[in-house]
Structure formats: C-alpha cells, structure tokens
Protein chains: 2
Amino acid sequence: MSNSKLYKGSLNTIILKLLNENDKMYGYEITQKVKALTKGELNITEGALYPALHKLEAEGLLDVEVAKVDNRLRKYYKLTETGTKETVNKLNELAEYIKTMQALVKPKFA
Amino acid sequence: MSNSKLYKGSLNTIILKLLNENDKMYGYEITQKVKALTKGELNITEGALYPALHKLEAEGLLDVEVAKVDNRLRKYYKLTETGTKETVNKLNELAEYIKTMQALVKPKFA
DNA sequence: TTATTATGCATAAGAAAATTATGTATAAAT
DNA sequence: ATTTATACATAATTTTCTTATGCATAATAA
C-alpha cells in the first residue's frame, strides 16, 4: 500500500476480510476493490499483495484455484476453514488496536 | 512495542501526541505513560523507542535537554515548532487511517 | 547482605512488511 | 501504433519493529 506508514501490518487483515465477504477473489480484483472502497485513498501495491497472498496460502489460510479468462490468467483465492477463524482473530485485533490508539490519542483529560 | 504487528508505524504518532500533551518527557517516562494509558496492553520496547526519539530529534521535531535526577541521567524531550505542526499531521493521518480501515472492515453492506 | 527489581540510557542483529523497480504477457482503447 | 488496463511475479532496498545485549544507579526483597 502506498499511502501511510500506519497501514503497515494491516494488509493481511484487509485481504482476509475481503475474502470473507466475497467468497473468492483474485489479486488484481483485490487491489481494485480496495481502491474503490476507500475512494482511491488506499492503493495496495503488487509488491506487497502477491507475496502476502502466497504467504497466507503457505500458512493454510487460503486455497488457490487457477482460471483462464479472456486468455488471461487469474488466481482465485478463497478462505480455508482455518482462514475463516483467523479472519475473526485479525478483525478483533484490529478493533483492539483502534480502541487502544484512540485511548492514547484522544484523551485531553487523562 | 511487543503486542500487535498493527502498531508498526504508530510509534511516532504516540510519542508526538504525548509530548504535545505533557510539554516535556523522558524516554522511560513515555514507556510508563503508555503502559498506564493502555492498561498494560501496549508496551513500548526500548529498542524501538530510543532510536525513534533520536530520529525525531535528528529531523528537528524534538529538542533534548539532559538532566540528572537522583544521580541518574534523564533526557527530556520536547516538541519544536515543526514538531508541533507534524503532530497535527500525524494525528490527522491516524484519524484517516482509522476511518479507512473501518470503511474496509465494517461494511457487510457495501 | 546479597540478589532482584526498578529506573534510565543505548546499540546491534535479525525479522517482518512494506516500497520501488523490474519483468512477462494479453486485451482494450487511443 | 502506442498507451493503458488487466494479470501475474520477484528482487533489491527501506522502514520499523523485536530480541538480545550492555552499562549504571537506586530501591526493595530475600
């Protein structure tokens, strides 16, 4: 992702959440979806995305299925059962992180 | 920090915000303050904190003042004018990040 | 009284996760 | 005919952290 350093560490969470909502997606589709959902604010770079997908697959959180559409290759990823469980964890972690940061940053009166 | 990978990138924001509220602080004090404010959830490691402070100083965002208390060394840091401006930016970035992530993660209906 | 914990700084080695820069290839649009 | 969009991939580098040390003093516990 090419915007804020804050996004570091949240890419996996984003990927898992999108796959949790959309059943199966391919890499390029993920980049476009994120761009659309964030109104262009967040642009996932390929150099970050593809290695992340490969790693999630290697860890058993994602399954892959190769397809050919319009003579172009697509690799569809979907959550495994483990992946679905891990999605819940990641989302909880993110909610926790946001809560913690707000506790640190908001209080003019603490 | 020794908890979540999500914290990557937010340390500078935390430091700047604390200094914005407390005028001047020393490193160890920052670690304790963060621990207290987050009820032990977030523990800044020294290996992350001290290099970060040095870098912020080198960038002209912080001024240092050495003091000796109880025969022990303390390095008090405070925001420069530039540092105060940058604090505003960092806090805006954080707010943006949180908004963006919530947009990505919350919508079951988008 | 001696060992541990707390206070207070610092840096080096390594890992994790990005950015940036390439590279390949096909399809569509200019 | 060239550029843009689609679609994958990896290598080099940078950033930012964790983990492991190291030094030193003060306070507490065994």
Side-chain angles (χ1 to χ4, degrees), chain A residues 1-16 24-36 40 42-59 61-62 64-77 90 93-94 97 100-101, chain B residues 1-16 24-36 40 42-59 61-62 64-77 90 93-94 97 100-101:
Chain A
M1 39 238 332
S2 55
N3 305 295
S4 163
K5 286 162 190 172
L6 291 169
Y7 294 95
K8 273 175 192 280
S10 37
L11 178 56
N12 286 340
T13 307
I14 293 171
I15 292 171
L16 293 175
K24 70 174 184 177
M25 298 181 86
Y26 56 101
Y28 186 78
E29 186 185 9
I30 292 175
T31 67
Q32 300 309 302
K33 188 73 172 180
V34 168
K35 198 184 292 187
L42 214 178
N43 290 293
I44 296 179
T45 61
E46 296 155 301
L49 178 65
Y50 291 115
L53 287 171
H54 300 159
K55 197 177 177 218
L56 290 171
E57 186 199 348
E59 291 168 350
L61 305 187
L62 302 183
V64 197
E65 178 200 328
V66 178
K68 202 154 196 178
V69 178
D70 285 331
N71 207 36
R72 273 199 239 89
L73 191 73
R74 280 185 192 172
K75 283 182 146 184
Y76 281 99
Y77 291 90
K90 291 281 190 190
E93 268 180 39
L94 178 60
Y97 165 74
T100 299
M101 286 305 291
Chain B
M1 36 237 332
S2 55
N3 306 295
S4 164
K5 286 163 190 171
L6 291 170
Y7 294 97
K8 269 180 197 279
S10 39
L11 178 55
N12 286 339
T13 307
I14 293 171
I15 293 171
L16 292 175
K24 69 175 185 174
M25 298 181 84
Y26 55 100
Y28 186 78
E29 186 184 9
I30 292 175
T31 67
Q32 300 310 302
K33 188 74 172 179
V34 167
K35 198 183 292 185
L42 212 179
N43 289 294
I44 296 179
T45 60
E46 295 155 300
L49 177 65
Y50 291 115
L53 288 172
H54 300 160
K55 197 177 176 218
L56 290 171
E57 185 198 348
E59 290 168 351
L61 305 186
L62 301 183
V64 197
E65 178 200 327
V66 179
K68 202 155 195 178
V69 178
D70 285 332
N71 206 35
R72 271 198 240 89
L73 192 73
R74 280 185 191 172
K75 283 183 148 185
Y76 281 98
Y77 291 90
K90 291 282 189 189
E93 269 180 37
L94 178 62
Y97 165 75
T100 299
M101 286 305 291

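Just so it is clear, the structure is predicted and the values come from calculations on it, not from any experiment.
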Treating B/Asn12 as the side-chain partner and B/Gly9 as the backbone partner, does any N or O pair qualify as donor plus acceptor under 3.5 Å? no
Closest of D/dT6, C/dT20, C/dA17 to the A/Tyr28 side chain is D/dT6
Any idea which of C/dA18, C/dT11, D/dT16 is nearest the B/Lys55 side chain? D/dT16
Which residue lies more 5' along DNA chain D, comparing A/Gly47 with A/Val69 via nearest heavy atoms: A/Val69
Select base, sugar-phosphate, or nothing to describe what B/Gly27 touches, counting heavy atoms under 4.0 Å on all strands. sugar-phosphate
DNA chain C nearest-nucleotide lookup for B/Gln32 and B/Leu53: closer to the 5′ end is B/Gln32
Length of the line joining A/Leu11:CG and C/dA16:C1', which is rounded to integer Å: 12 Å
Touch check for B/Glu46, heavy atoms < 4.0 angstrom, all strands: base, sugar-phosphate only, or nothing? base
Side-chain N,O (A/Asn71) to OP1/OP2 (C/dA27) below 4.0 Å: yes
Could you please name the option among C/dT7, D/dA9, C/dA17 that lies closest to any side-chain atom of A/His54? D/dA9
Does D/dA9 have its OP1 or OP2 closer than 4.0 Å to a side-chain nitrogen or oxygen of A/Tyr50? no
Taking only side-chain nitrogens and oxygens of B/Lys68, does any of them come within less than 4.0 Å of OP1 or OP2 of C/dG8? no
Within the structure, does a side-chain N or O atom of A/Lys75 lie under 4.0 Å from either OP1 or OP2 of D/dA9? yes
Is B/Tyr26 close enough to C/dG8 that one of its side-chain N or O atoms is under 4.0 Å from OP1 or OP2 there? yes
Regarding the side chain of B/Arg74, the nearest nucleotide among D/dT25, D/dA9, C/dC9 is C/dC9
Proximity to the side chain of B/Pro51 - top-ranked nucleotide from C/dT11, D/dC8, D/dT10: C/dT11
Where the side chain of A/Arg72 is defined as all heavy atoms beyond and including C-beta, which of D/dT6, C/dG8, C/dA18 is the nearest nucleotide? D/dT6
